[in-house]
Amino acid sequence: KDALALGVKPADIHPRVSENMDEIILMVKTLVEKGHAYELEGDVYFDVRSFGEYGKLSGRDLDDLKSGARVQVDEKKKDPLDFALWKKAKPGGPSWESPWGQGRPGWHIECSAMSMKYMGPTFDIHGGGFDLIFPHHENEIAQSECYTGEMFAKYWLHNGFITVNEEKMSKSLGNFFLVREVLEKFPGPVIRFFLLSTHYRSPLDFSDTKLAEDAKALARLQNTWNRLQEAVPAGEEESLAQMARDTRNRIEEAMDDDFNTALAVAELFAFSREINSALTRGMSEKELLLARKVLKDFAIDILGIVQEDSPALAEDSALTARLMELIIEIRTTARSEKNWPLADRIRDRLKEAGILLEDTPEGPRWKVQ
RNA sequence: GGCGACGUAGCCAAGGGGUAAGGCAUGGGACUGCAAAUCCCUGAUCCCCGGUUCAAAUCCGGGCGUCGCCUCCA
């Protein structure tokens, strides 16, 4: 539900470790057979020295890691960095039958086993937080590539953290909260905008103040789209056409460049300003089509920050629209008679009811919330 | 201690050799009965110090600062 509110598309598969135990065990077994792993009293460890490229993702080499090691938990492992593929069962803990006795998977193997089961030995993109680069993703690469002999993931996208007061948000620090809680204060598109307004690799400090600013900023874009929807073609002007093309190109370029969403959003704002000016002067049919298409493609479909149907149009639209028509008519009469107290009172009361009424040069407009 | 990322206007944030996108805020103006929306104008030499270069915020070296990883859990 929360994902939906943020406009996140549902995943096709949500694999569970407990349902993929056969694949996991087969993978561990094969790694042992290939000489990349060894058993030790019911545990199975991956031999990091057996994978020459170990450290290629995080840019470390084994000797650096060794000399810099902070903790020496070393027991009988061949190398302190060898990590567990399979762990002997602990009393009371969940466990499964395996060639090495009762036990459970180590903490990296399940990701490899399940991703390769559903997507094959090589897939395009592997995501995750920056904190997972080492050791988690490094280990995934080692075990997967030793298992298949092929490249694991082609691209790694590591996102920066959401921080709170500049500190990593985490369970252990207790400074975390849920999307659900944020959604009580800000609509989904605003949260999306907040997340997209900085590059995904950068850390992002969470604050209500920032969200509130973003809500205002996003309203500009949404406004432009709403006006564009209501606009009626006028004239033959075409000056916006070139900018529409340029904007499209620049946004595509930005997105192709490692998903530079912040730049893409900036282009939308620049374009939005031009549209607003053009709207005031009256846009031709051609301009309207092009402008709508750009916003529809990028702001609505790709970035998902602008809503195609403004809330006002979405719910109870027919009845509300008729009532609003009536109210506006009355108020317009009052205004023409310079009955300002009444005109203001209508506007104020509507505001209390959650409806914003604006007198624009093109006539009164209203919107919910 | 080792490895890595980052440090751009009051705040958020792109860019990454040729004199700095965008947003919020501020101040001024246009429009308006007022308000809102919208438009115009308004602000930085890019943490510090050296170096390379015709030219550096952008490259190199050294500082300082912030954050992350290097242990269990995922």
Side-chain angles (χ1 to χ4, degrees), chain A residues 17 55 57-74 80-81 83-84 87 105-111 128-140 158-161 163 165-168 170-172 193-194 196-199 201-207 209-224 226-227 250 254 257-258 260-281 334-341 343-344 347-348 350-351 356-367:
Chain A
V17 173
L57 179 70
S58 53
R60 309 167 187 219
D61 68 60
L62 284 166
D63 297 316
D64 278 348
L65 282 165
K66 207 171 181 180
S67 63
R70 213 171 41 176
V71 180
Q72 292 295 348
V73 209
D74 195 11
L81 291 161
F83 56 92
K87 307 192 89 159
W107 31 302
H108 310 294
I109 194 75
E110 54 207 52
C111 295
F130 252 103
D131 54 340
L132 296 179
I133 293 176
F134 190 89
H136 188 54
H137 292 333
E138 197 68 74
N139 291 351
E140 274 191 68
H158 290 109
N159 58 278
F161 308 117
T163 60
N165 299 323
E166 312 276 303
E167 267 187 324
K168 175 183 170 184
S170 71
K171 280 189 185 175
S172 53
F193 181 87
F194 165 71
L196 294 175
S197 66
T198 171
H199 191 97
R201 278 190 270 104
S202 307
L204 183 57
D205 198 51
F206 188 94
S207 77
T209 316
K210 181 67 166 55
L211 266 300
E213 275 180 15
D214 286 342
K216 267 188 268 187
L218 181 54
R220 297 174 53 113
L221 251 30
Q222 183 70 52
N223 256 326
T224 300
N226 294 158
R227 290 178 68 191
R250 280 196 288 261
D257 183 14
D258 198 16
N260 194 336
T261 54
L263 185 54
V265 167
E267 292 296 342
L268 284 176
F269 274 103
F271 187 43
S272 172
R273 177 160 44 226
E274 292 306 315
I275 294 174
N276 286 329
S277 295
L279 238 14
T280 305
R281 138 212 119 196
R335 293 182 69 216
S336 65
E337 293 164 357
K338 297 202 189 293
N339 186 347
W340 310 126
D344 288 346
R347 188 169 61 197
D348 291 345
L350 282 174
K351 191 175 181 186
L356 289 182
L357 188 66
E358 299 167 350
D359 296 314
T360 72
E362 297 87 52
R365 291 178 55 232
W366 63 277
K367 60 187 175 188

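Since this is a predicted model, take the numbers as computed values, not measurements. By convention in this document, chain letters (A, B, ...) are assigned in the order of the sequence lines, proteins followed by strands, and residues within each chain are numbered from 1.
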Of the nucleotides [options], which one has an atom closest to the side chain of [X]?
X: A:Pro361; options: B:A14, B:A37, B:U38; answer: B:A37
X: A:Ala266; options: B:A21, B:C69, B:A14; answer: B:A21
X: A:Asn260; options: B:C69, B:A14, B:U38; answer: B:A14

What is the separation between atom [atom1] on [X] and atom [atom2] on [N], rounded to the nearest whole Å?
X: A:Glu213; N: B:G22; atom1: CD; atom2: P; result: 17 Å
X: A:Arg273; N: B:A21; atom1: CZ; atom2: P; result: 12 Å
X: A:Arg365; N: B:A35; atom1: CZ; atom2: P; result: 19 Å
X: A:Asn139; N: B:U71; atom1: CG; atom2: C1'; result: 13 Å
X: A:Trp340; N: B:U32; atom1: CH2; atom2: P; result: 12 Å
X: A:Asp348; N: B:A36; atom1: CG; atom2: P; result: 12 Å
X: A:Glu140; N: B:C69; atom1: CD; atom2: C1'; result: 16 Å
X: A:Arg250; N: B:G22; atom1: CZ; atom2: P; result: 11 Å

Report which part of the nucleic acid [X] touches: base, sugar-phosphate, or nothing (heavy-atom distance under 4.0 Å, all strands).
X: A:His108; answer: nothing
X: A:Arg201; answer: nothing
X: A:Phe130; answer: nothing
X: A:Glu110; answer: sugar-phosphate
X: A:Leu279; answer: nothing
X: A:Lys87; answer: sugar-phosphate
X: A:Arg220; answer: sugar-phosphate

Searching all strands shown, indicate the nucleotide that pairs with B:A44 (Watson-Crick or G-U wobble; both distances under 3.5 Å). none
Could you let me know what B:C3 is paired to, Watson-Crick or G-U wobble, both distances under 3.5 Å, or none if it's on its own? B:G68
Quick one: CG on A:Leu211 to CZ on A:Phe206, what's the gap to the nearest 0.5 Å? 4.5 Å
Could you tell me whether the side chain of A:Glu110 and the main chain of A:Pro105 form a donor-acceptor pair under 3.5 Å? no
Do NZ/NE/NH1/NH2 and the carboxylate oxygens of A:Asp344 and A:Arg347 come within less than 4.0 Å?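 Salt bridge: yes.
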Does [X] put a side-chain nitrogen or oxygen below 4.0 Å from OP1 or OP2 of [N]?
X: A:Thr198; N: B:A14; answer: yes
X: A:Asn276; N: B:A37; answer: no
X: A:Ser202; N: B:A14; answer: yes
X: A:Arg281; N: B:U38; answer: no

How do A:Phe193 and A:Asp344 order along RNA chain B: which one's closest nucleotide is nearer the 5' end? A:Phe193
Report the residue (A:Pro135 or A:Leu132) whose heavy-atom-nearest nucleotide on RNA chain B is the more 5′ of the two. A:Pro135
Over all heavy atoms of both residues, which pair between A:Asn260 and A:His199 is shortest? Give the atoms and the distance, please. CA-ND1, 4.1 Å
